[in-house]
Structure formats: structure tokens, C-alpha cells
Amino acid sequence: MKYWLMKSEPSEVSVEDVLAMPNQTVEWFGVRNYQARNFMLREMQVGDGVLFYHSSCAQPGIVGVARIARAAQPDMTQFDPESHYFDPRSSADKPRWFCVAVKVERKTRCLDLVTLRRDPDLAQMRVLAKGNRLSITPVAAVEWERILAYLGVDWETL
DNA sequence: GCCAACGTTGGC
DNA sequence: GCCAACGTTGGC
């Protein structure tokens, strides 16, 4: 089992928005970066743990715990000329972009960036690396466990 | 709104 | 394949 941190802008899809969706599950549409796509396409497995992160907002940070609910499938927004995420280079028989489905298990208090940066044990987190812009980053098991302990979440009994 | 950092594009 | 120009991300 692997662990991930996935960023979403709350003005687009917040953790509260996902909790209001059927099965508290959302298609992770809109990823247009190959590294992030490849994580979804090649490395994520159903059941993997996810830290739900709010970005581009007043208080960026981890706001929930989730899991991968469905393997990668073509991201339908790439085919929709009306969509902000439309990609004219994609076609139905040759999709370029994919998305997994993510089920939110718990909304948590916001573990904000400042707090994350203060913990030397989390200093190696990919999301905290200087210049990181990846919207999906792997999380080490020790980092995952530390963060869940911070949040008071017991993954095994969710 | 600024801007550092990084990814992508496209001419050569 | 190189790399300059451009676009995007995302914290501040």
C-alpha cells in the first residue's frame, strides 16, 4: 500500500464538496502534468491512502484523509470543448489524461503548511521541497503515520 | 498582484 | 537534441 498527497483548490473542489458528493467520492479530473498523471496511471492502487490538501487559498494545508477508490480512467474533461481542461490533442481512442477516483474518509482540522514545515521529521516530504509544484506527490509511510497521529486519525479503524 | 520555480513548446 | 520563450503553479 502506498500513500499520496493530492492538492485541490477549495474554490474548485473542497473537502467539504467531496463529502457532499455520492459516496463521498470525486473524480480527480484536471491533472495536466505528466508526472502527476503517471502517478495516477502507473502507481496508484485502489485502497492507497491519500492526504487531501487545499492549495491556493488563505490557509494551505492538509484538511482530510481519503483513499483511492477506483483506478485511473480517461479524464472526460479533456474531450469537452467547453471545459477549462479541454485538450485538443486528445481523442477518445487516444486519451492523454487520466484520473482516479478519491473517497474522502475524514475531514480533519487543517494541518497547515507552517505547521508541516516546523516538524523536522517531515522535512523530507516532497510537497515541502523548494519549488515543488507537483499536485500529486508520494508520501513516505513514516510521514503518513506521523501526520495521521497529528490528526488523531486511526487509519486501521476508519 | 508579485514572482520564484518549474514544465512545455517549438524553432533551429 | 538544445534551449529560449512562454505558461502555470502556488505561497506570500
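Just so it is clear: chains get the letters A, B, ... in the order the sequence lines come, proteins before strands, and each one is counted from 1. Here the structure is a predicted model, which means the values were calculated and not measured.
Crowding of Lys107(A) atom NZ: a count of heavy atoms from other residues, nucleotides or ligands under 6.0 Å not exceeding 12. No more than 12 heavy atoms of other residues, nucleotides or ligands shown are found within 6.0 angstrom of CD on Gln124(A).
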Can you list, pair by pair, the side-chain donor-acceptor contacts under 3.5 Å of residues 57-64 of chain A, counting residues two or more places apart and other chains?
residue: Gln59(A); atom: NE2; partner: Asp112(A); partner atom: OD2; Å: 3.1

Go along nucleotides 4-12 of chain C 5' to 3' and tag each nucleotide: B for a protein heavy atom under 4.0 Å from its base, S when only backbone or sugar atoms are that close, - otherwise. ---BBBBSS

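Below 30°, between 30° and 60°, or above 60°: for Trp4(A) and Phe39(A) the angle between ring planes is between 30° and 60°, a tilted geometry.
Grouping the Ile, Leu, Val, Met, Phe, Trp and Tyr side chains by contacts below 4.5 angstrom, directly or via other members, places Val104(A) apart from Leu151(A).
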